[in-house]
2 protein chains.
Amino acid sequence: MEKQQYLTKNQQIVLDFVEKSSEPLKAYSILFNVQKKGLKAPLQVYRALDKLVEIGKIHKIESRNAFVACKNSSCQVSKATAFSICESCEKVTEINNSKLSKYLSNFEDNSGMRYSKYNLEFFGLCKKCKNK
Amino acid sequence: MEKQQYLTKNQQIVLDFVEKSSEPLKAYSILFNVQKKGLKAPLQVYRALDKLVEIGKIHKIESRNAFVACKNSSCQVSKATAFSICESCEKVTEINNSKLSKYLSNFEDNSGMRYSKYNLEFFGLCKKCKNK
DNA sequence: TTACACATTGTTATAATATAACAACAATTT
DNA sequence: AAATTGTTGTTATATTATAACAATGTGTAA
Ligand SMILES: [Zn+2]
Ligand SMILES: [Zn+2]
Ligand SMILES: [Zn+2]
Ligand SMILES: [Zn+2]
């Protein structure tokens, strides 16, 4: 069998739902919402999410255990991700800043490690929450 | 009551154990190991961890749900953290690079957000694992 | 075309991670 | 002392994620 070319039904259902959301979604909230589409068990959602994360359609916000669709067309794989997270309203935005990504992708230290991937999460207050 | 000045007994027990470890520890593994010291329930460990993370004595490796002691004397609070993680052997090292931390602490974009904190995780292969 | 390999699915059960709720106690402030 | 706030212990429960295995699908090659 060849490497999967298209999304499977379950993957497409999960992706569609996550893409419609304006905020990060928890796995069990996705599950609850796609049950009418036939995905009955957590594993069906987690498997779809795993694959979607692997191919860069979805990113995981690690500090929140939540998932967002990638809005950045250049993210073919999830290997260089950066997010801003408002600690008050929990709004999350993917940062698309080529200087930042260049800086981090080229980062080297004297540890002898070769970095192939990074994930950066910035925290603070968004515009709205700052003015409250 | 004044703001806590010293570590409580439980916090000290957890910190001692985490500091002795050369690798990130899971909360339940900490629990198991400090039970002989009297911490019987998950919450006692999680509370201690929460406080220790808050004051910067311990950092959480978000992608691993694990905890490491801070080896960086300048980390008074956990507000600017960077780690390298080997995806093969899971070795984790806190990155202490002033150029990087300066770059990230001063990072601004046009979102109007004020960033007060960040966490960065680099992934790759460590020296050892690269040569296998 | 049929056997094979292997990916994907569905399903049940369970593991691992983390918090809610509340009662008891301790230290500080008024 | 009374009020306030922080810490502790405890039980129960919520949340997040994976193990294990049988069934089904799909491309490959004898
Ligand atoms: Zn992206
Ligand atoms: Zn906000
Ligand atoms: Zn540190
Ligand atoms: Zn390694």
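Numbered from 1 within each chain, the chains take letters A, B, ... in sequence-line order. Here the structure is a predicted model, which is why all the values come from computation and not from measurement.
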**Asked** Taking OP1 and OP2 of C:dA18, is either one under 4.0 Å from a side-chain nitrogen or oxygen of B:N65?
**Response** yes
Less than 4.0 angstrom between a side-chain N/O of A:K40 and OP1 or OP2 of C:dG10, yes or no?
no
Comparing A:K26 with A:L43, nearest DNA chain D nucleotide closer to 5' gives the residue A:K26
CD (A:E19) and SG (A:C70) are apart, to the nearest 0.5 Å, by 9.5 Å
Out of D:dT15, C:dA18, D:dT11, minimum distance to the side chain of B:A41 belongs to D:dT11
Here the distance between atom C1' of D:dT15 and atom CD1 of A:I30, to the nearest Å, is 14 Å
From CG of A:L39 across to P of C:dT8 the rounded distance in Å is 15 Å
For this session: Check for a donor-acceptor pair, side chain of B:S21 on one end and backbone N or O of B:V18 on the other, with a separation under 3.5 Å.
Result: no
A:Q44 vs C:dG10: side-chain N/O to OP1/OP2 distance below 4.0 Å | yes
Of A:R47 and B:G38, the one whose closest nucleotide on DNA chain D sits nearer the 5' end is B:G38
**Message:** Quick check against the 3.5 Å criterion: does B:E121 have a side-chain atom that pairs as donor or acceptor with the backbone of B:E62?
**Reply:** yes
Carboxylate-amine/guanidinium proximity below 4.0 Å for A:E87 and B:K117
yes
B:T8 side chain near D:dG6 phosphate (N/O to OP1/OP2, under 4.0 Å): no
Taken to the nearest whole Å, CD/A:Q35 to P/C:dG10 is 13 Å
In whole angstroms, the gap separating P of D:dG6 from CG of B:D50 amounts to 15 Å
Taken to the nearest whole Å, CD1/B:I13 to P/D:dT7 is 16 Å
Practice item. Output yes when at least one side-chain N/O atom of A:K9 is less than 4.0 Å from OP1 or OP2 of C:dT9, else no. Key: no
*Any A:N10 side-chain N or O less than 4.0 Å from OP1/OP2 of C:dG10*: yes
To the nearest angstrom, the CD-P distance between B:Q12 and D:dT8 comes to 12 Å
Please tell me if B:Y28 has a side-chain N or O lying less than 4.0 Å from either OP1 or OP2 of C:dT17. no
Atom CD of A:Q11 and atom C1' of C:dA7 are separated, to the nearest Å, by 11 Å
All heavy atoms of B:L39 vs all of B:Q44, minimum pair found to be C-OE1, 3.6 Å
OP1 or OP2 of D:dT16 less than 4.0 angstrom from a side-chain nitrogen or oxygen of A:K60, does that happen here?
no
In whole angstroms, the gap separating C1' of D:dT8 from OH of B:Y46 amounts to 18 Å
